[in-house]
Amino acid sequence: MTPAPAPSPDSTGRAFDAVLCDLDNVIRFYDTAPLAGLERAAGLPEGTTTDIGYAPEIDLPLLLGRITPDAWVESIAAGLTERVGAERARELGRALADAPFRADEEVVSLLRRARAHVPLVLVTNATLRLDADLALLGLTDLAHAVVSSAVEQVAKPDPAIYRTAAERAGVPMERCLFVDDRQENIDAAAALGMTTALYREAEDLRRALGPRAEKAAGGAAVEVQRAGREM
């Protein structure tokens with residue numbers, strides 16, 4: 001893992017010394033249009049499959065690494081079978097699991113600038129496919145560390161995952177900026193003393209990063225050092 005910039009020993013006047021950032025609906029966005037077309041063809045309201053797939057009792061085992069994505073698809077299909085039949089239910093579940101995704105290039109650019117100034121850690125409720133997904137997005141080098149719920153076996157908004165992320169950054173929690181699109185995750189971070197930014201659009205991130213959203217002087221990244229522990 002790439003070593004992170006060491007936090008400044010004098011943080012006076014600085015709002016934060018590390019950025020902890022969510023992945024989905026901040027950096028990564030899914031295209032659910034193909035799934036919506038299948039739902040219409042099946043006579044289902046758009047969003048029916050995601051409502052089932054992201055229900056906590058279905059989704060959380062996946063995010064904690066306790067089941068595979070294939071098992072998740074089967075759980076979704078079980079919730080749809082009575083309405084559309086087993087074959088179509090499985091097709092809908094698979095369409096959700098395999099929905100294409102992309103990275104928001106503006107957000108990626110802002111975060112790359114930020115990581116030239118301070119440690120950047122991704123903190124995400126994700127599946128065991130996260131490493132492969134980041135590779136597909138071309139983002140394996142985006143952050144100094146990645147904290148995944150499936151690996152840590154704890155998910156946001158559990159305070160434990162925030163503590164782990166701050167430790168990986170090598171920065172006290174009260175010196176972390178946490179960015180997420182879900183209010184409950186923001187509230188949990190704030191309760192731990194973190195500076196927070198609720199994400200709705202790229203401008204929210206730009207505003208939260210402030211000077212960290214600017215290019216490093218001369219266009220070059222600052223020299224990086226090991227920040228307290230191996231990443």
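This one's a predicted model, so the numbers in the text were calculated from it and none came from an experiment. Numbering of residues begins at 1 and proceeds along the displayed sequence. When reading the values below, keep in mind they use all heavy atoms of this one structure, side chains included, and skip hydrogens, waters and symmetry mates.
Distance alone, capped at 3.5 Å, is enough to place a donor-acceptor pair between the E39 side chain and the G47 backbone. W72 contributes a side-chain N or O that, together with a main-chain N or O of G53, makes up a donor-acceptor pair within less than 3.5 Å. Using modelled atom types, one side-chain atom of T68 and one backbone atom of A71 make a donor-acceptor pair closer than 3.5 Å. Of the possible polar contacts, one joining the D204 side chain to the R200 backbone as a donor-acceptor pair under 3.5 Å is found. Remark: side-chain polar atoms of H144 are paired, donor with acceptor, to backbone N or O of L120 under 3.5 angstrom.
When the side chains of ILVMFWY residues are joined at heavy-atom separations under 4.5 Å, either directly or via intervening members, L63 and L20 end up in two distinct hydrophobic clusters. In the hydrophobic clustering of ILVMFWY residues, with side-chain heavy atoms under 4.5 Å counting as a link, L96 and L136 come out apart. Hydrophobic clustering (ILVMFWY, side-chain heavy atoms < 4.5 Å, transitive): Y30 and L62 are in distinct clusters. Hydrophobic clustering keeps V147 apart from V151 (ILVMFWY residues linked when any side-chain heavy atoms are closer than 4.5 Å, directly or through intermediates).
Ring geometry, Y162 versus F178: the interplanar angle exceeds 60°, so the pair is classed perpendicular (tilted spans 30 to 60°).
Geometrically, R212 engages F16 in a cation-pi contact, judged by NZ or CZ lying under 6.0 Å from the ring centre and within 45° of the ring axis.
Between R28 atom CZ and L130 atom CG the span is 6.5 Å, to the nearest 0.5 Å. We find the CG-CG distance between N125 and L60 to be 8.0 Å, quoted to the nearest 0.5 Å. Rounded to the nearest 0.5 Å, atoms CG (L38) and CD (E46) are 11.5 Å apart. Expressed to the nearest 0.5 Å, how far OG of S148 lies from CG of L128 amounts to 7.0 Å. Atom CG of N185 sits about 11.0 Å away from atom OG1 of T196, to the nearest 0.5 Å. With values rounded to the nearest 0.5 angstrom, D133 atom CG is found 6.0 Å from T127 atom OG1.
Annotation: E87, atom CD; neighbour count of heavy atoms from other residues, nucleotides and ligands within 6.0 Å does not exceed 12. Within 6.0 Å of CD on E82 lie no more than 12 heavy atoms contributed by other residues, nucleotides or ligands. Annotation: R182, atom CZ; neighbour count of heavy atoms from other residues, nucleotides and ligands within 6.0 Å does not exceed 12. Other residues, nucleotides and ligands contribute only 12 or fewer heavy atoms inside 6.0 Å of the CZ atom of R66.
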Verdict with supporting geometry, V26 and C21, side chain to side chain contact (heavy atoms under 4.5 Å, CB included): CA-CA 8 Å; V26 176; C21 189; 3.8 Å; yes
Apply the test side chain to side chain contact (heavy atoms under 4.5 Å, CB included) to residues T124 and S149: give CA-CA distance (whole Å), side-chain angles for both, the deciding distance (0.1 Å), then the verdict. CA-CA 6 Å; T124 176; S149 62; over 6 Å; no
After noting the C-alpha distance and the side-chain angles of I27 and L111, does the key distance pass the side chain to side chain contact (heavy atoms under 4.5 Å, CB included) rule? CA-CA 9 Å; I27 301 170; L111 291 174; 3.5 Å; yes
Go through it in stages, so that I can follow the logic: the residues are T195 and C176, the test is side chain to side chain contact (heavy atoms under 4.5 Å, CB included), and I'd like the CA-CA distance, side-chain angles, deciding distance and then a yes or no. CA-CA 6 Å; T195 299; C176 293; over 6 Å; no
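Put simply, the side chain of N25 does not reach to within 4.5 Å of the side chain of Y199, judged on heavy atoms. Side chains of R115 and V19 form no contact here, defined as non-hydrogen atoms less than 4.5 Å apart. Inter-residue side-chain proximity for D17 and L177 is flagged as unmet; no heavy-atom pair is nearer than 4.5 Å. Using a 4.5 Å heavy-atom threshold, the side chains of E74 and R90 count as touching. Counting only heavy atoms from C-beta outward, the side chains of V84 and L44 approach each other to under 4.5 Å. No side-chain heavy atom of D98 sits under 4.5 Å from any side-chain heavy atom of V73. The closest side-chain heavy-atom distance from T49 to I76 is below 4.5 Å. No side-chain heavy atom of F101 sits under 4.5 Å from any side-chain heavy atom of D31.
The shortest non-hydrogen separation linking L64 to A155 is CD2-N, 3.8 Å. Scanning all heavy atoms of the two residues, the minimum distance from M173 to A166 falls at CG-CB, 3.6 Å. Contact record, I67 with I58: CD1-O, 4.3 Å, taken as the closest heavy-atom pair. Taking every heavy atom of both residues into account, L80 and A89 meet most closely at CB-CB, 3.7 Å. Looking at every heavy atom in both residues, A208 comes nearest to A197 through CB-CB, 3.6 Å. The minimum heavy-atom distance between P45 and T48, with the atom names listed, is O-OG1, 2.6 Å.
Look at D158 and R163 and you find no salt bridge, because none of the NZ, NE, NH1 or NH2 atoms lies under 4.0 Å from a carboxylate O. E152 and R168 are joined by a salt bridge, as a carboxylate oxygen and a charged side-chain nitrogen come within less than 4.0 angstrom of each other. Using a 4.0 Å cut-off between a side-chain N of Lys or Arg and a carboxylate O of Asp or Glu, E91 and R94 do not qualify as a salt bridge. Using a 4.0 Å cut-off between charged nitrogen and carboxylate oxygen, D22 and K156 count as a salt-bridge pair.
Partner of Q183 under the side-chain contact (heavy atoms from CB on, under 4.5 Å) criterion, out of D187, D181, D180: D187 alone. Each of E105, R206, E214, E203 was checked for a side-chain contact (heavy atoms from CB on, under 4.5 Å) with L110, and the lone residue meeting it is R206. F29 pairs in a side-chain contact (heavy atoms from CB on, under 4.5 Å) with only one of the listed residues (D24, D104, V107), which is D104.
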